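Here is the structure we will look at, set down as C-alpha cells.
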Amino acid sequence: MSSPEIVVDLEKIASNVRALKALYGARGINIFAVTKAVCGDPNLANILVNNGLNFLADSRLENIKNILDAGVHAKFLLLRTLPSEVDAVVKYTEISLNSNLTVIQLLSKAAVKVNVVHKIILMIEMGDLREGVMPIDLNDMVRKILRLPNIKLIGIGTNLACFGGIKPNARKMRTLSSLAVDLEKRFNIILSIVSGGNSANYNWFTKSEVLGRINNLRLGESIFLGRETLERKPIPDLHTDAFALSVEVIDSGVKPSIPFGESGLDAFGNKPVFEDLGQINRAILAIGKLDVQTDGLIPPENMTILGASSDHLILNTHEKTLEVGDRVTFSLNYGALLSVMGSQTIIKNYVNTNEYRPILQNGRGERPKAQNAFSNHRD
Ligand SMILES: *Cc1c(COP(=O)(O)O)cnc(C)c1O
C-alpha cells in the first residue's frame with residue numbers, strides 16, 4: 001500500500017449511474033456524463049459507458065484522448081472549446097459547447113479541411129455570467145452559424161450555478177425552452193438537444209411538473225459524489241462515499257493548541273488563527289497542499305483538520321490517540337476530488353470492480369500505455 005491512496009469503489013459509481021439514468025430518463029432527460037472532475041479517468045469512463053452513459057463530456061482534450069487511448073467506446077462532447085485546438089476538436093469529439101462566433105468559424109474551417117460535420121450546442125447566457133450568448137444577440141448569432149459550412153447546430157444549452165451561483169429554477173428553464181421554440185420557428189430548424197444544466201438542476205427537476213423542452217443535463221458531481229450542487233444534499237439512493245482518501249499517520253502526540261513564540265506568517269503568507277483548546281491530541285498525516293486541495297477533505301466525525309502545509313496535514317484527534325502507521329480515511333468535496341484525481345502523487349486503488357479489470361498505475365502514479373486495458377471478462 002502506498003501513501004496517500006484514493007480508494008475508488010467502481011460498483012458504487014456504477015450504481016449511481018444506473019440510478020441517475022433511471023431517474024432522469026423516466027422523464028425524457030438524457031445525460032452527458034461529465035468526466036472532468038475525475039480528470040478523464042479511463043476506469044471511471046468505462047464504468048459510465050458500461051452502465052448506459054456512452055456520451056461523455058469533458059473540458060479537456062487531453063482527458064478525452066486518454067479515455068480513447070484506453071479503448072473505451074464512448075462518444076465525446078467538449079465542454080470548452082479553445083481556438084488553438086479546433087483541429088483536434090473536430091477530430092476527437094462529436095459535439096462541442098460554444099458561445100463565440102470566431103471560435104465557431106474556426107471549427108467550421110477545421111471541419112471543412114477534414115470533411116467532417118461538427119455538431120455544436122450553442123450556450124446561452126442566463127445570468128451566471130460565464131459562457132453564453134446574450135439572448136439579445138441570439139438570432140443574429142444563429143443566422144451566422146447556419147451559414148457556416150460543416151457546422152451543424154443541434155441544440156442550445158445553459159450553465160448555471162457555476163460562476164455566479166445563479167439557480168437553475170423553473171423560470172430559467174422556461175426561458176430556455178421558449179428560446180428553443182422561437183429559434184426553431186424563426187429559422188425552420190430542429191434543436192434536438194436542449195441542455196438545461198448540470199448537477200445543480202436536480203431540485204428544479206424533482207419539483208417541476210413540466211420540464212418543457214429541456215431534454216438533457218450534463219452531470220458530473222451527482223454521478224461521482226451522489227449530490228445535487230445547490231445545497232449539496234445527497235440524492236436519495238445514491239452513494240456519496242464512492243471515493244475515500246486513505247492517508248498514513250507519520251507522527252502523533254499531545255501538544256498545545258496555540259503556537260508559541262513571536263507570531264508572523266505561515267508557509268503560504270497568511271496569518272494563521274488558532275483557537276485555544278489547551279493541550280490536544282495531534283496527529284501529522286503524510287499529505288499536503290502539494291498533493292490535494294486539503295480544505296476540501298472531510299475528516300472522520302471524531303476528528304478536526306487544524307491545517308496543512310505543502311507536505312503535512314495536522315489533525316486534532318480529540319479523544320482518540322492515533323499510532324504512527326495508522327491510516328485515516330477522508331471523504332472529499334468536489335474541489336478535493338478534482339485535485340486528487342489530477343494528482344501525480346496519489347495512488348489510485350479501484351475496488352469492487354466485479355467484472356471490470358482496471359488499468360493499474362505504476363508506482364509513480366502514471367498510467368501505463370493501455371493495451372486491451374478493458375476486457376469485460378474475468379481472467
Ligand atoms: C463541469 C461542467 C458540468 C458538470 O457540472 P457538475 O456540477 O459536476 O454536474 C456541466 N456543464 C459544464 C459546461 C461544465 O463545465
Side-chain angles (χ1 to χ4, degrees), residues 13 16-17 19-21 23-24 29-41 44-45 48 53 55-64 67 76-82 89 93-100 103 119-133 154-168 172-173 176 193-206 214-235 238-240 242-243 293 296 332-342:
I13 301 290
N16 283 359
V17 170
L20 287 166
K21 195 171 149 50
L23 174 76
Y24 286 111
I29 296 213
N30 280 312
I31 298 169
F32 289 129
V34 178
T35 47
K36 70 176 187 223
V38 292
C39 207
D41 181 295
L44 289 166
L48 300 171
L53 300 182
F55 230 114
L56 306 182
D58 205 294
S59 49
R60 317 257 165 173
L61 280 173
E62 269 311 305
N63 291 347
I64 290 174
I67 295 171
F76 291 95
L77 165 80
L78 186 67
L79 295 169
R80 187 190 71 168
T81 314
L82 276 62
V89 174
T93 75
E94 202 110 334
I95 315 174
S96 57
L97 302 186
N98 286 281
S99 52
N100 182 284
V103 176
K119 298 172 189 150
I120 66 168
I121 295 174
L122 190 61
M123 296 301 275
I124 309 208
E125 178 59 73
M126 301 203 69
D128 206 55
L129 295 181
R130 198 177 72 183
E131 73 273 40
V133 185
I154 60 160
I156 60 172
T158 195
N159 199 52
L160 293 160
C162 230
F163 181 74
I166 297 300
K167 292 183 182 178
K172 294 289 183 195
M173 292 301 108
L176 188 65
I193 295 180
V194 182
S195 189
N198 51 42
S199 294
N201 284 58
Y202 176 81
N203 291 347
W204 157 77
F205 173 81
T206 51
I214 314 299
N215 64 2
N216 176 274
L217 292 173
R218 310 168 306 272
L219 302 181
E221 186 160 348
S222 302
I223 296 173
F224 297 116
L225 297 178
R227 294 174 187 277
E228 55 78 32
T229 53
L230 270 191
E231 296 163 46
R232 293 221 142 61
K233 289 208 182 109
I235 295 175
L238 264 65
H239 299 281
T240 56
F243 294 84
Q293 196 175 312
L332 309 172
N333 77 7
Y334 187 73
L337 179 65
L338 283 178
S339 65
V340 161
M341 295 306 284

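When a residue number appears, it is its place in the shown sequence, counting from 1. Remember, it's 1-based here, ligands and their atoms both numbered in the order they're listed. This structure is a prediction, so every number in the text was calculated from the model and none was measured.
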Show the protein residues that qualify under the rule heavy atom under 4.0 Å from an atom of ligand 1, listing them in chain and number order.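 Lining ligand 1: V34, K36, L79, L97, R130, E131, N159, N198, S199, R218, L219, G220, E221, Y334.
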Closest non-hydrogen atom pair between E131 and E125, with its separation: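 Shortest heavy-atom contact: O-OE1, 3.8 Å.
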Run through I154, V89, I120 and flag the one making a side chain to side chain contact (heavy atoms under 4.5 Å, CB included) with I95.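 The single option meeting the side chain to side chain contact (heavy atoms under 4.5 Å, CB included) with I95 is I154.
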For R80, does the CZ atom have more than 12 heavy-atom neighbours from other residues, nucleotides or ligands under 6.0 Å away?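 Enclosed: over 12 neighbouring heavy atoms sit under 6.0 Å from CZ of R80.
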With A45 via side chain to side chain contact (heavy atoms under 4.5 Å, CB included) - residues at least two apart: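 Counting only residues at least two positions away or on another chain, A45 forms a side chain to side chain contact (heavy atoms under 4.5 Å, CB included) with L56, I67, V72.
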Who are the ring-ring contact (aromatic ring centres under 6.0 Å, His included) partners of F32, not counting sequence neighbours?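 Once residues adjacent in sequence are excluded, the partners of F32 under the ring-ring contact (aromatic ring centres under 6.0 Å, His included) criterion are F55.
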Partners passing ring-ring contact (aromatic ring centres under 6.0 Å, His included) against Y334 (at least two apart in sequence or in another chain):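 Partners of Y334 by the ring-ring contact (aromatic ring centres under 6.0 Å, His included) criterion come out as none, since no residue qualifies.
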